[in-house]
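Below you'll find the structure, written out as structure tokens, and then a few comments.
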Amino acid sequence: MTLTRKAILFICLGNICRSPTAEAVFKKRSKDAGISVWCDSAGTGAWHQDERPDKRAISTGRKRGYRFTGQTSRKIEPSDFEDFDLILAMDKQNLLALSTMCPQEHVHKLGLFLDYAPHTDADEVPDPYYGGPDGFDHVIDLIEIASEGLIKAIKFDTL
Ligand code: 4NP
């Protein structure tokens, strides 16, 4: 097992729904699993810069025991590609956006979060922003599954 503390950045479009949820879920579950990681989240867009996560994301997360303390929206910045070991997008659109910004030497850090949830039908975490509350439950279901897969990959050093 590697002793290096991994730094993981979760990415969506607005950084108010999916990636803050991924950050909150992964922080709790990795801690519960006894894994030391540094987590953050960011958006490829800046429309919601400095805003708190969406109220629907917070209430859905809180019902499952997750906390969004201290989270505010920010746009990805060039230093993130240097600072993080793993940069995981919620969907292909955002992965494509990342790949156009990312220096070649860091491209190996990019991926889809649901690569760690191979037993689900989904390969993307869908954008819940314009939908109803069910969308937020579906988002968190997928994020919980992918979080378990990522924790296993870190534990068994198969990243
Ligand atoms: P997120 O959801 O990418 O999961 O944070 C969205 C939030 C805001 C918008 C789109 C998606 N928006 O268009 O403002």
Side-chain angles (χ1 to χ4, degrees), residues 6-31 37-103 106-107 109-151 153-154:
K6 299 280 179 217
I8 301 168
L9 183 63
F10 298 104
I11 298 288
C12 63
L13 184 60
N15 191 214
I16 56 168
C17 298
R18 292 167 291 175
S19 61
T21 300
E23 180 186 339
V25 169
F26 201 74
K27 274 181 176 161
K28 178 171 194 315
R29 290 198 166 214
S30 58
K31 190 172 174 217
V37 288
W38 170 254
C39 294
D40 195 7
S41 63
T44 56
W47 305 283
H48 298 278
Q49 184 72 31
D50 298 325
E51 287 178 20
R52 289 278 295 141
D54 188 287
K55 287 188 169 62
R56 298 165 295 175
I58 291 177
S59 72
T60 307
R62 279 194 180 146
K63 279 183 204 144
R64 299 197 195 191
Y66 304 114
R67 294 286 169 266
F68 295 74
T69 314
Q71 289 199 41
T72 50
S73 175
R74 72 172 181 91
K75 189 176 189 283
I76 187 158
E77 50 193 81
S79 58
D80 289 324
F81 295 110
E82 185 88 36
D83 294 343
F84 286 88
D85 300 302
L86 204 53
I87 302 171
L88 298 174
M90 297 298 130
D91 62 27
K92 292 173 190 172
Q93 178 198 332
N94 285 294
L95 181 59
L96 183 64
L98 289 175
S99 66
T100 64
M101 300 175 220
C102 183
H106 298 305
V107 165
K109 299 175 176 178
L110 306 181
L112 285 172
F113 190 26
L114 292 195
D115 288 347
Y116 297 94
H119 304 302
T120 64
D121 289 340
D123 54 4
E124 302 181 286
V125 182
D127 182 351
Y129 188 66
Y130 292 107
D134 286 0
F136 284 83
D137 273 307
H138 183 51
V139 160
I140 204 162
D141 286 342
L142 292 171
I143 285 172
E144 285 180 335
I145 295 167
S147 293
E148 289 308 309
L150 180 53
I151 286 166
I154 293 170

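Counting convention: from 1, in listed order, for ligands and their atoms alike. Quick caveat: nothing in here was measured; it's all calculated off a predicted structure.
The side-chain hydrogen bond (donor to acceptor under 3.5 Å, both in side chains) analysis of residues 56-68, with sequence neighbours excluded, yields the pairs R29-Y66, D54-R56, R64-D137, R64-D141, R64-E144, Y66-E144. Applying the side-chain hydrogen bond (donor to acceptor under 3.5 Å, both in side chains) test to residues at least two apart or on different chains, the pairs with a partner in residues 111-136 are K92-D123.
No donor-acceptor contact under 3.5 angstrom links the side chains of T72 and D50, judged on distance only.
D40 has no carboxylate O lying under 4.0 Å from a charged side-chain N of K27, or vice versa, which leaves the two without a salt bridge.
Looking only at side-chain heavy atoms (C-beta outward), W38 and D85 stay at 4.5 Å or farther from each other.
Around ligand 1, the residues contributing at least one heavy atom under 4.0 Å from the ligand are C12, L13, G14, N15, I16, C17, R18, H48, D127, Y129, Y130.
The side-chain contact (heavy atoms from CB on, under 4.5 Å) search around S79 returns E77, D83, not counting sequence neighbours.
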